[in-house]
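The block underneath contains the structure these notes are about, expressed in structure tokens.
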Amino acid sequence: FYGALHVLCTKLIERYPAAQIVFMTPLHRTSEDDGPFNEYGVRLSTNLEGYVNIIAEVCAYYAIPVLDLYRTSGIQPRVPVLRERYMPDGLHPNDAGHAILANKLRAFLEHM
């Protein structure tokens, strides 16, 4: 993932040199500690927080702003009341969850 994200950033910058590129991290999810394992039960890649950290690190290298929804969305589906209100299936935000994300994204873009 680390190398692929470097390639993606490079290609985006080369293709759109005058554009303001931004990234958003994924949201928490109920299965965020799941991941691919080999036949011996050894994790083949990182968990969701590891991917979030890689996004932050690679984007910092390219000076690409990141909206860290993983850490700042206020939506944690492992908290029952938040899951029911904003992310009933534990992965996809509902209309109320999308309203929160829209406000976060608007504020993020306005302060750039």
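In what follows, every heavy atom counts, from backbone to side chain, and hydrogens, waters and symmetry copies are set aside. All of these numbers come straight from a predicted model, not from anything done at the bench.
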Problem set entry | CE on Met87 to CD1 on Ile100, rounded to 0.5 Å |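 One gets 9.5 Å once the value is rounded to the nearest 0.5 Å.
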Exercise. CD of Glu57 to NE2 of His6: how many Å apart, nearest 0.5 Å?
Worked result: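 The NE2 atom of His6 is 6.5 Å from CD of Glu57, to the nearest 0.5 Å.
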Below 4.5 Å, heavy atoms only, C-beta onward: do [X] and [Y] meet side chain to side chain?
X: Ile21; Y: Tyr62; value: no
X: Cys59; Y: Phe23; value: yes
X: His28; Y: Leu48; value: no
X: Val58; Y: Cys9; value: yes
X: Leu101; Y: Pro93; value: yes

Exercise. Which pairs, with at least one residue in residues 19-30 and sequence neighbours excluded, count as a salt bridge (Lys or Arg N to Asp or Glu O under 4.0 Å)?
Worked result: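 Matches after skipping sequence neighbours: none remain.
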Problem set entry | ring-ring contact (aromatic ring centres under 6.0 Å, His included) partners for His98, two or more places apart |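 Residues passing ring-ring contact (aromatic ring centres under 6.0 Å, His included) with His98: none at all.
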Problem set entry | Contacts of His92 that satisfy side-chain hydrogen bond (donor to acceptor under 3.5 Å, both in side chains) - sequence neighbours left out |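 Result, side-chain hydrogen bond (donor to acceptor under 3.5 Å, both in side chains) vs His92: Asp89.
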Problem set entry | Partners passing side-chain hydrogen bond (donor to acceptor under 3.5 Å, both in side chains) against Tyr61 (at least two apart in sequence or in another chain) |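 Result, side-chain hydrogen bond (donor to acceptor under 3.5 Å, both in side chains) vs Tyr61: none returned.
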Would you say [X] and [Y] are hydrophobically clustered, going by side-chain heavy atoms of ILVMFWY under 4.5 Å?
X: Met24; Y: Ile64; value: no
X: Ile13; Y: Tyr16; value: yes
X: Leu82; Y: Leu91; value: no
X: Ile54; Y: Leu12; value: yes
X: Leu8; Y: Val22; value: no

For residues 105-112, which side-chain N or O atoms pair as donor and acceptor with protein atoms under 3.5 Å away, sequence neighbours left out?
residue, atom, partner, partner atom, Å
Arg106, NH2, Asn103, OD1, 2.4
His111, ND1, Ala107, O, 2.7

Exercise. Where the side chain of Arg83 meets the backbone of Arg78, is there a donor-acceptor pair that is under 3.5 Å apart?
Worked result: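 No, Arg83 side chain to Arg78 backbone: no donor-acceptor pair under 3.5 Å.
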Tell me which donor-acceptor pairs under 3.5 Å the side chains of residues 68-75 have, and how far apart each pair is, sequence neighbours excluded?
residue, atom, partner, partner atom, Å
Asp68, OD1, Thr25, OG1, 3.0
Asp68, OD1, Tyr70, N, 3.2
Asp68, OD1, Arg71, N, 3.1
Asp68, OD2, Arg71, NH1, 2.8
Tyr70, OH, Glu32, OE2, 3.0
Arg71, NH2, Asn53, OD1, 2.5
Thr72, OG1, Asp68, O, 2.6
Ser73, OG, Leu69, O, 3.1
Ser73, OG, Ile75, N, 3.0

